[in-house]
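What follows is a set of notes on a single structure, which appears directly below.
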Amino acid sequence: MREFGLIGKTLSHSFSQKYFEEKFQREHITDASYSLFEIADIKQIPAFLQQHPLLVGFNVTIPYKQQIIPYLDDLSEEAAAVNAVNAVIVKRIGDRIQTKGYNTDIEGFRHSLEGIKIPEKAMILGTGGAAAAIKYVLQQKGCSLTIVSRNPEKGLPYSELTPAIIAAHKLIVNCTPLGTYPNINEKPDIPYDGISDEHFLYDLVYNPSETSFLKEGIKRCAKIQNGLRMLHGQAEAFWELTCDV
């Protein structure tokens with residue numbers, strides 16, 4: 001039996017286990033299982049790998065996409081480029097455990113934008129591991145980016161946002177966990193009055209399907225998309241990586 005899973009600090013919001021269990025059933029995959037592993041501290045990773053000898057791959061979510069890197073033996077080119085990992089392949093060679101980190105968020109986000117016209121200027125809310133993947137894809141598409149952060153050393157502070165700045169960025173991507181179940185009333189603190197029907201609001205959060213952030217866009221007739229399509233895209237990219245294990 002091959003074991004797969006997701007690690008993170010709090011995973012009650014995650015659809016990953018359901019997605020893979022349905023995939024295994026649909027595709028008649030009988031030698032695999034997918035579990036959720038809540039880990040209180042990234043320092044537990046070496047022990048976690050020892051405790052799960054059947055583990056051949058796992059996904060990584062908040063807050064460990066960057067914290068996990070020092071615990072890995074190798075990184076893919078894209079994971080190294082964005083300094084963030086959301087998928088790890090585990091190989092066991094004798095007594096040695098060998099790990100390699102990948103970033104399938106890149107492929108997942110790229111996949112989710114198929115058929116969508118991307119505006120020239122985009123705004124990314126947040127500076128975590130997921131935001132790094134979004135930035136990478138949008139830069140490849142030639143977008144002029146504004147990064148917004150609670151840390152003024154990493155981006156434009158939220159306090160400096162104005163309706164005019166919002167109006168000038170026709171794509172706004174929420175890469176923060178604000179609004180994730182069960183805290184469904186939370187949303188990024190931006191001047192929503194700058195949003196119009198020319199905007200496209202994208203939220204990486206997918207549970208709930210319409211976050212408070214997206215509802216602000218709906219009020220103003222903006223196009224919206226949640227993170228479910230990206231989740232599916234990155235999950236399939238992860239599964240492809242496991243095929244040779």
Side-chain angles (χ1 to χ4, degrees), residues 5-23 34 36 58-66 78-79 82 84-87 102-116 118-119 122-141 143 145 147-149 169-188 190 192 195 199-218 222-239:
L6 171 69
I7 70 162
K9 202 156 199 175
T10 305
L11 300 176
S12 60
H13 69 282
S14 177
F15 286 178
S16 293
Q17 185 176 31
K18 180 175 183 290
Y19 179 84
F20 277 102
E21 287 178 346
E22 290 177 351
K23 176 183 176 65
Y34 193 99
L36 302 180
F58 60 94
N59 296 114
V60 183
T61 190
I62 294 170
Y64 299 135
K65 291 186 178 185
Q66 293 167 321
E78 287 189 325
V82 299
V85 164
N86 78 311
Y102 297 82
N103 194 303
T104 63
D105 278 341
I106 291 171
E107 181 55 35
F109 185 59
R110 190 183 288 133
H111 166 77
S112 75
L113 294 178
E114 289 178 1
I116 296 172
I118 305 300
M123 177 178 289
I124 295 175
L125 307 178
T127 54
I134 304 315
K135 179 181 177 181
Y136 183 85
V137 174
L138 291 178
Q139 285 179 329
Q140 285 187 329
K141 292 182 175 293
C143 273
L145 299 178
I147 310 298
V148 182
S149 176
H169 295 79
K170 296 299 189 275
L171 169 61
I172 303 176
V173 185
N174 176 36
C175 298
T176 78
L178 292 171
T180 304
Y181 176 86
N183 302 312
I184 61 173
N185 293 321
E186 295 181 349
K187 61 189 175 186
I190 65 173
Y192 289 96
I195 294 168
H199 276 77
F200 177 26
L201 268 58
Y202 192 122
D203 200 333
L204 267 59
V205 175
Y206 54 82
N207 183 14
S209 58
E210 285 185 3
T211 60
S212 292
F213 171 73
L214 293 181
K215 286 177 180 178
E216 292 290 346
I218 293 171
K223 298 180 182 66
I224 66 163
Q225 183 166 316
N226 66 28
L228 191 60
R229 191 177 178 194
M230 177 177 166
L231 172 73
H232 291 172
Q234 69 85 15
E236 289 302 320
F238 165 70
W239 185 248

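What you are looking at is a predicted structure, and each value in this text was computed from that prediction instead of being measured.
Using a 30° and 60° split on the angle between ring planes, F20 and F238 fall in the perpendicular class, above 60°.
Using a 4.5 Å heavy-atom threshold, the side chains of Y34 and L6 count as touching. Proximity of M230 to D105: side-chain heavy atoms (C-beta onward) are separated by under 4.5 Å at one or more points. Residues I124 and L138 meet the side-chain proximity criterion, which asks for heavy atoms closer than 4.5 Å. Using a 4.5 Å heavy-atom cutoff, the side chains of L113 and Y202 are in contact. With a 4.5 Å cut-off on side-chain heavy atoms, S209 and L228 do not count as touching. With a 4.5 Å cut-off on side-chain heavy atoms, L214 and N226 count as touching. Side-chain contact between L125 and L178 is absent, with no heavy atoms from C-beta onward closer than 4.5 Å. V148 is not listed as a side-chain neighbour of I190, based on a closest heavy-atom distance of 4.5 Å or more.
Between S212 and N185, the side chains place no donor N or O within less than 3.5 Å of an acceptor N or O (distance only, hydrogens not considered). Checked by atom type, the side-chain pair Q234/Y102 shows no donor-acceptor distance below 3.5 Å.
Between the S14 side chain and the L11 main chain, no donor and acceptor come within less than 3.5 Å of each other. H111 places no side-chain N or O within donor-acceptor distance of the main-chain N or O of L231, the cut-off being under 3.5 Å. At distances below 3.5 Å, not a single donor-acceptor pair connects side-chain atoms of T104 with backbone N or O atoms of E107. Distance alone, capped at 3.5 Å, is enough to place a donor-acceptor pair between the Q225 side chain and the S112 backbone. Using a distance-only test at 3.5 Å, with no hydrogens or angles considered, a donor-acceptor pair links the side chain of Y206 to the main chain of F15. At least one donor-acceptor pair under 3.5 Å links the side chain of N103 to the backbone N or O of A84. No donor-acceptor distance shorter than 3.5 angstrom exists from the side chain of S16 to the backbone of G5, with no hydrogens or angles considered.
Minimum heavy-atom separation, L204 to A130: CD2-CB, 3.6 Å. Pairing each heavy atom of F58 with each of V60, the nearest pair is CE1-CG2, 3.9 Å.
Atom CD of residue E210 and atom CD of residue E216 lie 12.0 Å apart, to the nearest 0.5 angstrom.
By the neighbour-count criterion of 12 heavy atoms within 6.0 Å, atom NZ of K23 is densely surrounded, having more than that number from other residues, nucleotides or ligands. Counting heavy atoms of neighbouring residues, nucleotides and ligands inside a 6.0 Å radius, atom NZ of K170 exceeds 12 of them.
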